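Values in this document were obtained by computation on a predicted structure and should not be read as measured data.
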Amino acid sequence: MHSKNKLSPYFADMHIHIGSSRTGKAIKITGSRSLTLSNILEEAKNKKGMNMIGIIDCHAPEVIEELKQLKKDGRLIELKGGGLDIDGLTLIPGAEIEINDQNCQGPIHVLAYMPSIDKMEQLSDWLTSRMKNINLSSQRMYGSAIELQQFVKKLGGLFIPAHIFTPFKSLYGKGVKASLTEVLDPAKIDAVELGLSSNTEMASRVDELTPFTFLTNSDAHSLEKIAREYQMISLKEATFDEFKKALQEIEGREIIANYGLNPYLGKYYNSVCEKCLHVYQINSSSCSGCGSNRFIKGVNDRINELQSIGNTKRNRPPYIHQIPLEFIPGLGPKTLARLRHAFGTDMDIIHAVPRERLLQIVKPVLADHILSARSGELSIQIGGGGTYGKIISSKPSNS
(Lines give C-alpha, C1' and ligand atoms only; values in the text may rest on other atoms or scores of the structure.)
Protein backbone atom coordinates (compact mmCIF):
# COMPACT_ATOMS: atom_id res chain seq x y z
CA MET A 1 0.00 0.00 0.00
CA HIS A 2 1.17 3.50 -0.79
CA SER A 3 1.12 6.19 1.90
CA LYS A 4 1.01 9.94 1.29
CA ASN A 5 3.02 10.49 4.48
CA LYS A 6 6.11 8.53 3.47
CA LEU A 7 8.06 7.61 0.37
CA SER A 8 6.92 4.49 -1.46
CA PRO A 9 7.93 2.73 -4.69
CA TYR A 10 5.85 3.36 -7.81
CA PHE A 11 6.12 1.71 -11.23
CA ALA A 12 6.10 4.15 -14.16
CA ASP A 13 6.19 3.84 -17.96
CA MET A 14 6.28 7.34 -19.38
CA HIS A 15 6.20 6.81 -23.17
CA ILE A 16 3.01 5.22 -24.50
CA HIS A 17 1.43 6.08 -27.86
CA ILE A 18 -2.24 6.30 -28.81
CA GLY A 19 -2.97 4.41 -32.02
CA SER A 20 -6.43 5.81 -32.61
CA SER A 21 -8.93 8.16 -31.03
CA ARG A 22 -12.27 7.08 -29.57
CA THR A 23 -13.87 7.95 -32.94
CA GLY A 24 -11.42 5.68 -34.74
CA LYS A 25 -9.18 8.34 -36.28
CA ALA A 26 -5.49 7.46 -36.50
CA ILE A 27 -3.18 9.35 -34.14
CA LYS A 28 0.05 7.33 -34.17
CA ILE A 29 0.06 6.01 -37.75
CA THR A 30 2.40 3.11 -36.90
CA GLY A 31 0.53 2.30 -33.68
CA SER A 32 -2.02 -0.46 -33.22
CA ARG A 33 -5.63 0.65 -33.62
CA SER A 34 -6.40 -1.13 -30.35
CA LEU A 35 -4.13 1.37 -28.63
CA THR A 36 -6.97 3.64 -27.53
CA LEU A 37 -6.95 5.73 -24.36
CA SER A 38 -9.45 3.47 -22.59
CA ASN A 39 -7.56 0.30 -23.57
CA ILE A 40 -4.24 1.79 -22.46
CA LEU A 41 -5.65 2.65 -19.04
CA GLU A 42 -6.99 -0.89 -18.59
CA GLU A 43 -3.82 -2.61 -19.80
CA ALA A 44 -1.39 -0.40 -17.89
CA LYS A 45 -3.15 -0.63 -14.54
CA ASN A 46 -4.84 -4.03 -14.41
CA LYS A 47 -2.53 -6.18 -16.54
CA LYS A 48 0.90 -4.55 -16.43
CA GLY A 49 0.68 -3.15 -12.89
CA MET A 50 1.82 0.43 -13.57
CA ASN A 51 1.07 3.19 -11.04
CA MET A 52 1.96 6.09 -13.35
CA ILE A 53 2.01 6.39 -17.14
CA GLY A 54 2.92 9.06 -19.65
CA ILE A 55 0.75 9.15 -22.76
CA ILE A 56 2.70 11.19 -25.26
CA ASP A 57 -0.01 11.95 -27.83
CA CYS A 58 -2.16 14.11 -25.53
CA HIS A 59 -1.57 17.18 -27.69
CA ALA A 60 -4.01 15.79 -30.28
CA PRO A 61 -7.31 17.72 -29.97
CA GLU A 62 -9.41 14.53 -29.92
CA VAL A 63 -7.39 13.18 -26.98
CA ILE A 64 -7.78 16.47 -25.11
CA GLU A 65 -11.55 16.32 -25.66
CA GLU A 66 -11.67 12.73 -24.42
CA LEU A 67 -9.78 13.71 -21.26
CA LYS A 68 -12.20 16.58 -20.71
CA GLN A 69 -15.14 14.20 -21.12
CA LEU A 70 -13.66 11.79 -18.56
CA LYS A 71 -13.35 14.70 -16.15
CA LYS A 72 -16.93 15.76 -16.83
CA ASP A 73 -18.11 12.19 -16.23
CA GLY A 74 -16.31 12.12 -12.87
CA ARG A 75 -13.81 9.38 -13.82
CA LEU A 76 -10.85 11.77 -14.13
CA ILE A 77 -9.62 13.90 -11.24
CA GLU A 78 -6.96 16.56 -11.75
CA LEU A 79 -4.51 16.08 -8.89
CA LYS A 80 -3.41 18.98 -6.68
CA GLY A 81 0.22 18.13 -7.38
CA GLY A 82 -0.37 17.82 -11.12
CA GLY A 83 -1.28 14.80 -13.19
CA LEU A 84 -4.60 13.12 -13.85
CA ASP A 85 -6.04 10.36 -11.66
CA ILE A 86 -8.21 7.96 -13.67
CA ASP A 87 -9.55 5.05 -11.63
CA GLY A 88 -6.47 5.03 -9.40
CA LEU A 89 -3.87 5.28 -12.19
CA THR A 90 -1.95 8.53 -12.64
CA LEU A 91 -1.69 9.78 -16.21
CA ILE A 92 0.87 12.48 -17.00
CA PRO A 93 -0.18 14.10 -20.30
CA GLY A 94 2.66 14.38 -22.78
CA ALA A 95 3.50 15.08 -26.41
CA GLU A 96 6.20 13.66 -28.68
CA ILE A 97 7.46 16.35 -31.02
CA GLU A 98 9.94 16.22 -33.90
CA ILE A 99 12.41 19.08 -34.24
CA ASN A 100 14.83 19.70 -37.13
CA ASP A 101 15.91 23.31 -37.03
CA GLN A 102 18.91 24.95 -38.72
CA ASN A 103 21.23 23.67 -35.99
CA CYS A 104 20.20 20.02 -36.35
CA GLN A 105 22.04 17.50 -38.50
CA GLY A 106 18.79 15.54 -38.74
CA PRO A 107 15.42 15.12 -36.99
CA ILE A 108 15.19 14.70 -33.20
CA HIS A 109 12.23 13.45 -31.17
CA VAL A 110 11.58 15.03 -27.78
CA LEU A 111 8.96 14.54 -25.08
CA ALA A 112 7.09 17.38 -23.36
CA TYR A 113 4.99 16.61 -20.27
CA MET A 114 2.39 18.93 -18.75
CA PRO A 115 0.83 18.99 -15.26
CA SER A 116 -2.78 19.54 -16.41
CA ILE A 117 -5.24 19.30 -19.28
CA ASP A 118 -5.27 23.09 -19.55
CA LYS A 119 -1.48 23.33 -19.91
CA MET A 120 -1.51 20.56 -22.51
CA GLU A 121 -4.22 22.40 -24.43
CA GLN A 122 -2.09 25.55 -24.37
CA LEU A 123 0.84 23.57 -25.78
CA SER A 124 -1.45 22.06 -28.44
CA ASP A 125 -2.74 25.50 -29.45
CA TRP A 126 0.82 26.82 -29.69
CA LEU A 127 1.92 23.84 -31.81
CA THR A 128 -1.09 24.07 -34.15
CA SER A 129 0.39 27.01 -36.07
CA ARG A 130 3.81 25.32 -36.11
CA MET A 131 2.77 21.86 -37.36
CA LYS A 132 1.16 20.64 -40.56
CA ASN A 133 -1.16 18.24 -38.69
CA ILE A 134 -1.74 18.68 -34.95
CA ASN A 135 -3.99 15.59 -34.95
CA LEU A 136 -1.12 13.14 -35.50
CA SER A 137 1.67 11.89 -33.24
CA SER A 138 5.35 12.79 -33.48
CA GLN A 139 4.87 15.57 -36.04
CA ARG A 140 7.56 18.06 -36.97
CA MET A 141 7.46 21.46 -35.34
CA TYR A 142 8.53 24.29 -37.62
CA GLY A 143 10.60 26.48 -35.30
CA SER A 144 13.72 26.20 -33.20
CA ALA A 145 14.44 23.62 -30.53
CA ILE A 146 15.34 26.39 -28.08
CA GLU A 147 11.98 28.08 -28.75
CA LEU A 148 10.18 24.83 -27.91
CA GLN A 149 12.21 24.35 -24.73
CA GLN A 150 11.40 27.89 -23.61
CA PHE A 151 7.66 27.46 -24.20
CA VAL A 152 7.53 24.11 -22.40
CA LYS A 153 9.27 25.68 -19.41
CA LYS A 154 6.96 28.71 -19.53
CA LEU A 155 4.02 26.33 -19.08
CA GLY A 156 5.70 24.56 -16.16
CA GLY A 157 6.33 21.43 -18.22
CA LEU A 158 9.11 18.86 -18.42
CA PHE A 159 11.37 18.55 -21.48
CA ILE A 160 13.00 15.16 -22.16
CA PRO A 161 14.84 14.08 -25.34
CA ALA A 162 13.46 10.70 -26.47
CA HIS A 163 15.32 7.43 -27.25
CA ILE A 164 18.49 9.50 -27.54
CA PHE A 165 20.75 6.99 -29.35
CA THR A 166 18.32 5.46 -31.87
CA PRO A 167 19.80 5.74 -35.39
CA PHE A 168 16.72 7.55 -36.68
CA LYS A 169 15.09 10.70 -35.28
CA SER A 170 17.05 11.05 -32.08
CA LEU A 171 19.45 13.43 -30.39
CA TYR A 172 22.67 11.49 -30.97
CA GLY A 173 21.44 9.18 -33.73
CA LYS A 174 20.81 11.96 -36.26
CA GLY A 175 20.47 15.29 -34.50
CA VAL A 176 23.99 16.37 -33.48
CA LYS A 177 27.56 15.72 -34.53
CA ALA A 178 29.09 15.47 -31.09
CA SER A 179 27.21 17.42 -28.42
CA LEU A 180 23.61 18.11 -27.40
CA THR A 181 24.61 21.77 -26.91
CA GLU A 182 24.64 22.11 -30.72
CA VAL A 183 20.83 22.09 -30.60
CA LEU A 184 19.50 22.24 -27.03
CA ASP A 185 19.90 24.28 -23.86
CA PRO A 186 21.12 21.78 -21.23
CA ALA A 187 19.61 23.89 -18.44
CA LYS A 188 16.14 23.23 -19.86
CA ILE A 189 16.50 19.43 -20.07
CA ASP A 190 14.86 17.54 -17.19
CA ALA A 191 16.05 14.00 -18.03
CA VAL A 192 16.94 11.84 -21.04
CA GLU A 193 15.27 8.67 -22.27
CA LEU A 194 17.77 5.93 -23.12
CA GLY A 195 15.79 3.88 -25.64
CA LEU A 196 15.65 0.15 -26.18
CA SER A 197 19.19 -0.40 -27.51
CA SER A 198 21.16 1.19 -24.67
CA ASN A 199 21.44 0.96 -20.91
CA THR A 200 22.92 2.95 -18.04
CA GLU A 201 26.43 1.54 -18.45
CA MET A 202 26.51 2.47 -22.14
CA ALA A 203 24.99 5.95 -21.72
CA SER A 204 27.29 6.75 -18.80
CA ARG A 205 30.23 6.65 -21.21
CA VAL A 206 28.98 9.95 -22.67
CA ASP A 207 30.35 12.59 -20.31
CA GLU A 208 27.85 15.36 -21.06
CA LEU A 209 24.96 13.15 -19.91
CA THR A 210 26.30 13.06 -16.34
CA PRO A 211 23.90 15.77 -15.03
CA PHE A 212 20.75 14.07 -16.29
CA THR A 213 18.52 11.39 -14.81
CA PHE A 214 18.07 8.38 -17.11
CA LEU A 215 14.58 7.13 -17.97
CA THR A 216 13.64 3.74 -19.40
CA ASN A 217 10.25 3.67 -21.13
CA SER A 218 8.45 1.30 -23.47
CA ASP A 219 7.73 3.60 -26.45
CA ALA A 220 4.73 1.29 -26.83
CA HIS A 221 3.11 1.05 -30.27
CA SER A 222 0.78 -1.75 -29.12
CA LEU A 223 -0.90 -2.76 -25.86
CA GLU A 224 1.42 -5.73 -25.38
CA LYS A 225 4.52 -3.50 -25.48
CA ILE A 226 3.41 -1.33 -22.53
CA ALA A 227 5.97 -1.68 -19.70
CA ARG A 228 8.54 -3.60 -21.74
CA GLU A 229 10.75 -0.95 -20.15
CA TYR A 230 9.85 1.07 -17.05
CA GLN A 231 11.25 2.41 -13.79
CA MET A 232 10.58 2.08 -10.10
CA ILE A 233 10.41 5.55 -8.55
CA SER A 234 10.46 6.68 -4.92
CA LEU A 235 7.59 9.18 -4.40
CA LYS A 236 5.19 10.30 -1.69
CA GLU A 237 2.34 10.08 -4.19
CA ALA A 238 1.95 9.61 -7.92
CA THR A 239 1.77 13.24 -9.10
CA PHE A 240 3.50 15.45 -11.66
CA ASP A 241 5.28 17.44 -8.94
CA GLU A 242 6.58 14.28 -7.26
CA PHE A 243 7.79 12.91 -10.61
CA LYS A 244 9.62 16.19 -11.25
CA LYS A 245 11.28 15.95 -7.82
CA ALA A 246 12.41 12.40 -8.63
CA LEU A 247 14.07 13.62 -11.83
CA GLN A 248 15.85 16.28 -9.77
CA GLU A 249 16.67 13.76 -7.01
CA ILE A 250 15.50 16.03 -4.20
CA GLU A 251 13.87 15.33 -0.83
CA GLY A 252 14.46 11.60 -1.18
CA ARG A 253 12.55 11.29 -4.44
CA GLU A 254 14.54 9.37 -7.02
CA ILE A 255 14.60 6.60 -9.57
CA ILE A 256 15.11 3.44 -7.50
CA ALA A 257 15.85 1.19 -10.48
CA ASN A 258 15.58 1.18 -14.26
CA TYR A 259 14.12 -1.99 -15.73
CA GLY A 260 14.85 -2.51 -19.38
CA LEU A 261 15.63 -4.90 -22.15
CA ASN A 262 19.18 -6.06 -22.50
CA PRO A 263 20.46 -3.72 -25.25
CA TYR A 264 21.21 -6.82 -27.32
CA LEU A 265 17.44 -7.18 -27.73
CA GLY A 266 17.04 -3.66 -29.11
CA LYS A 267 16.44 -3.16 -32.83
CA TYR A 268 19.46 -0.91 -33.28
CA TYR A 269 22.28 -2.26 -31.10
CA ASN A 270 24.55 -3.46 -33.91
CA SER A 271 25.58 -1.60 -37.04
CA VAL A 272 24.20 -3.46 -40.05
CA CYS A 273 24.35 -3.28 -43.82
CA GLU A 274 21.56 -1.06 -45.14
CA LYS A 275 20.96 -3.49 -48.02
CA CYS A 276 21.12 -7.01 -46.53
CA LEU A 277 21.10 -6.26 -42.74
CA HIS A 278 24.27 -8.29 -42.25
CA VAL A 279 26.35 -7.09 -39.25
CA TYR A 280 28.62 -4.34 -40.58
CA GLN A 281 32.05 -3.51 -39.21
CA ILE A 282 32.15 0.28 -39.49
CA ASN A 283 35.93 0.37 -40.04
CA SER A 284 35.57 -1.89 -43.09
CA SER A 285 35.23 -0.67 -46.68
CA SER A 286 32.18 -2.81 -47.53
CA CYS A 287 29.70 -5.37 -46.26
CA SER A 288 31.12 -8.87 -45.97
CA GLY A 289 27.72 -10.23 -46.92
CA CYS A 290 26.81 -8.35 -50.11
CA GLY A 291 29.59 -5.84 -50.80
CA SER A 292 27.49 -2.72 -50.18
CA ASN A 293 29.21 0.25 -48.51
CA ARG A 294 26.02 1.72 -47.02
CA PHE A 295 25.23 0.89 -43.42
CA ILE A 296 22.98 1.83 -40.49
CA LYS A 297 25.18 2.82 -37.55
CA GLY A 298 24.20 0.92 -34.41
CA VAL A 299 23.82 2.39 -30.95
CA ASN A 300 26.93 0.66 -29.59
CA ASP A 301 29.17 2.06 -32.33
CA ARG A 302 27.67 5.54 -31.97
CA ILE A 303 28.28 5.58 -28.22
CA ASN A 304 31.87 4.47 -28.83
CA GLU A 305 32.26 7.59 -31.00
CA LEU A 306 30.78 9.86 -28.36
CA GLN A 307 32.37 8.45 -25.23
CA SER A 308 34.79 10.58 -23.24
CA ILE A 309 38.24 9.65 -21.97
CA GLY A 310 38.27 9.72 -18.17
CA ASN A 311 34.61 10.60 -18.08
CA THR A 312 32.89 11.93 -14.98
CA LYS A 313 31.01 9.37 -12.90
CA ARG A 314 27.92 9.73 -10.73
CA ASN A 315 25.97 7.29 -8.66
CA ARG A 316 23.18 5.80 -10.75
CA PRO A 317 20.32 3.48 -9.79
CA PRO A 318 20.78 -0.11 -10.92
CA TYR A 319 19.78 -0.93 -14.48
CA ILE A 320 18.19 -4.37 -14.37
CA HIS A 321 18.08 -6.30 -17.63
CA GLN A 322 14.61 -7.69 -17.43
CA ILE A 323 12.75 -9.63 -20.09
CA PRO A 324 9.02 -8.86 -20.60
CA LEU A 325 6.83 -11.91 -20.10
CA GLU A 326 5.69 -11.90 -23.73
CA PHE A 327 9.33 -12.41 -24.85
CA ILE A 328 9.74 -15.65 -22.90
CA PRO A 329 9.84 -18.80 -25.06
CA GLY A 330 6.82 -21.04 -24.49
CA LEU A 331 4.80 -18.44 -22.58
CA GLY A 332 1.79 -17.88 -24.84
CA PRO A 333 -1.27 -15.67 -24.32
CA LYS A 334 -3.36 -18.38 -22.63
CA THR A 335 -0.63 -19.23 -20.12
CA LEU A 336 -0.02 -15.55 -19.41
CA ALA A 337 -3.76 -15.08 -18.80
CA ARG A 338 -3.69 -17.95 -16.28
CA LEU A 339 -0.70 -16.41 -14.50
CA ARG A 340 -2.42 -13.03 -14.31
CA HIS A 341 -5.60 -14.62 -13.02
CA ALA A 342 -3.64 -16.39 -10.29
CA PHE A 343 -1.19 -13.68 -9.25
CA GLY A 344 -2.45 -10.30 -10.49
CA THR A 345 -0.42 -8.01 -12.71
CA ASP A 346 2.80 -8.55 -14.64
CA MET A 347 4.65 -6.56 -11.96
CA ASP A 348 3.47 -9.10 -9.37
CA ILE A 349 4.56 -12.04 -11.56
CA ILE A 350 7.93 -10.53 -12.52
CA HIS A 351 8.94 -9.11 -9.15
CA ALA A 352 7.28 -11.12 -6.41
CA VAL A 353 5.87 -14.59 -7.10
CA PRO A 354 8.19 -17.36 -5.79
CA ARG A 355 9.05 -20.43 -7.84
CA GLU A 356 6.90 -22.80 -5.81
CA ARG A 357 3.80 -20.73 -6.55
CA LEU A 358 4.68 -20.39 -10.24
CA LEU A 359 4.82 -24.21 -10.37
CA GLN A 360 1.14 -24.29 -9.44
CA ILE A 361 0.39 -22.79 -12.87
CA VAL A 362 3.27 -23.63 -15.22
CA LYS A 363 5.78 -26.41 -15.85
CA PRO A 364 9.22 -26.24 -14.20
CA VAL A 365 11.02 -25.21 -17.40
CA LEU A 366 8.70 -22.22 -17.84
CA ALA A 367 8.95 -21.26 -14.17
CA ASP A 368 12.75 -21.27 -14.55
CA HIS A 369 12.46 -19.10 -17.68
CA ILE A 370 10.41 -16.56 -15.71
CA LEU A 371 12.96 -16.50 -12.88
CA SER A 372 15.80 -16.15 -15.40
CA ALA A 373 13.92 -13.29 -17.08
CA ARG A 374 13.49 -11.67 -13.66
CA SER A 375 17.25 -11.58 -13.20
CA GLY A 376 18.14 -10.95 -16.85
CA GLU A 377 19.83 -14.34 -17.26
CA LEU A 378 18.49 -15.47 -20.61
CA SER A 379 20.71 -16.04 -23.63
CA ILE A 380 20.15 -13.50 -26.39
CA GLN A 381 20.72 -13.19 -30.13
CA ILE A 382 21.76 -9.59 -30.81
CA GLY A 383 19.44 -7.29 -32.78
CA GLY A 384 20.24 -4.57 -35.31
CA GLY A 385 19.03 -2.61 -38.32
CA GLY A 386 15.41 -2.48 -37.20
CA THR A 387 15.18 -6.16 -36.22
CA TYR A 388 14.74 -7.07 -32.55
CA GLY A 389 17.08 -9.48 -30.86
CA LYS A 390 15.74 -12.85 -29.79
CA ILE A 391 15.63 -14.88 -26.58
CA ILE A 392 17.35 -18.21 -27.20
CA SER A 393 17.16 -20.04 -23.88
CA SER A 394 18.12 -19.90 -20.22
CA LYS A 395 21.83 -19.84 -19.54
CA PRO A 396 23.08 -23.19 -18.31
CA SER A 397 23.22 -23.58 -14.56
CA ASN A 398 26.58 -23.34 -12.81
CA SER A 399 25.66 -26.23 -10.57
Side-chain angles (χ1 to χ4, degrees), residues 15 17 28-31 56 94-112 127 130-132 136-149 152 159-186 188-189 191-199 202-203 205-209 212 214-217 219 221 229 263 266-275 277 279-283 287 292-308 383-388:
H15 189 149
H17 283 285
K28 182 66 176 179
I29 297 293
T30 56
I56 50 79
E96 184 169 33
I97 303 160
E98 183 173 301
I99 52 178
N100 193 9
D101 66 21
Q102 62 183 6
N103 298 310
C104 295
Q105 304 298 309
I108 300 170
H109 281 189
V110 298
L111 307 171
L127 289 171
R130 294 167 172 82
M131 281 183 178
K132 290 184 177 179
L136 294 179
S137 170
S138 312
Q139 295 298 288
R140 181 168 299 178
M141 186 201 88
Y142 292 89
S144 74
I146 297 295
E147 179 187 17
L148 175 61
Q149 284 187 287
V152 168
F159 184 93
I160 298 173
H163 43 74
I164 57 172
F165 298 113
T166 303
F168 308 105
K169 298 185 177 181
S170 78
L171 181 64
Y172 293 112
K174 285 290 184 183
V176 300
K177 286 183 178 179
S179 172
L180 60 86
T181 58
E182 296 165 30
V183 176
L184 298 171
D185 178 356
K188 294 182 173 63
I189 296 175
V192 295
E193 180 186 74
L194 297 185
L196 302 182
S197 297
S198 65
N199 60 16
M202 294 169 69
R205 283 146 53 189
V206 181
D207 193 38
E208 68 176 355
L209 294 178
F212 307 116
F214 292 164
L215 293 181
T216 41
N217 299 314
D219 194 358
H221 287 53
E229 295 202 344
K267 291 197 291 185
Y268 302 110
Y269 179 83
N270 263 337
S271 295
V272 296
C273 173
E274 194 174 275
K275 185 176 180 181
L277 301 184
V279 173
Y280 195 101
Q281 304 298 327
I282 59 171
N283 57 355
C287 173
S292 171
N293 61 1
R294 295 178 63 86
F295 66 94
I296 301 168
K297 188 177 293 179
V299 168
N300 189 49
D301 287 328
R302 179 60 171 140
I303 289 176
N304 286 338
E305 288 180 351
L306 293 164
Q307 71 180 10
S308 311
T387 301
Y388 287 111

Would you find a donor on one side and an acceptor on the other, under 3.5 Å apart, between the side chain of [X] and the backbone of [Y]?
{"X": "N270", "Y": "V272", "answer": "no"}
{"X": "R302", "Y": "Y172", "answer": "yes"}
{"X": "D101", "Y": "C104", "answer": "yes"}
{"X": "S271", "Y": "K297", "answer": "no"}
{"X": "E147", "Y": "A145", "answer": "no"}

Side chains of I189 and L180: does their closest heavy-atom pair fall under 4.5 Å?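 With C-beta onward as the side chain, the pair touches.
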Given S138, which partner from the list H17, K28, E98 fulfils the side chain to side chain donor-acceptor pair (under 3.5 Å) test?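 So, applying the side chain to side chain donor-acceptor pair (under 3.5 Å) to S138 and each of H17, K28, E98, only K28 qualifies.
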Of all heavy-atom pairs between L209 and A203, which one has the smallest distance, and what is that distance? CD1-O, 3.7 Å
With side-chain contact (heavy atoms from CB on, under 4.5 Å) as the test, would you mind laying out the steps for K188 and F159 before giving the verdict? CA-CA 7 Å; K188 294 182 173 63; F159 184 93; 5.7 Å; no
E193 and N217: side chain donor to acceptor below 3.5 Å: yes
Determine whether the side chains of T181 and E208 contain a donor N or O and an acceptor N or O closer than 3.5 Å.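 No.
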Please name all residues satisfying ring-ring contact (aromatic ring centres under 6.0 Å, His included) with H163, sequence neighbours left out, ordered by chain then number. H109
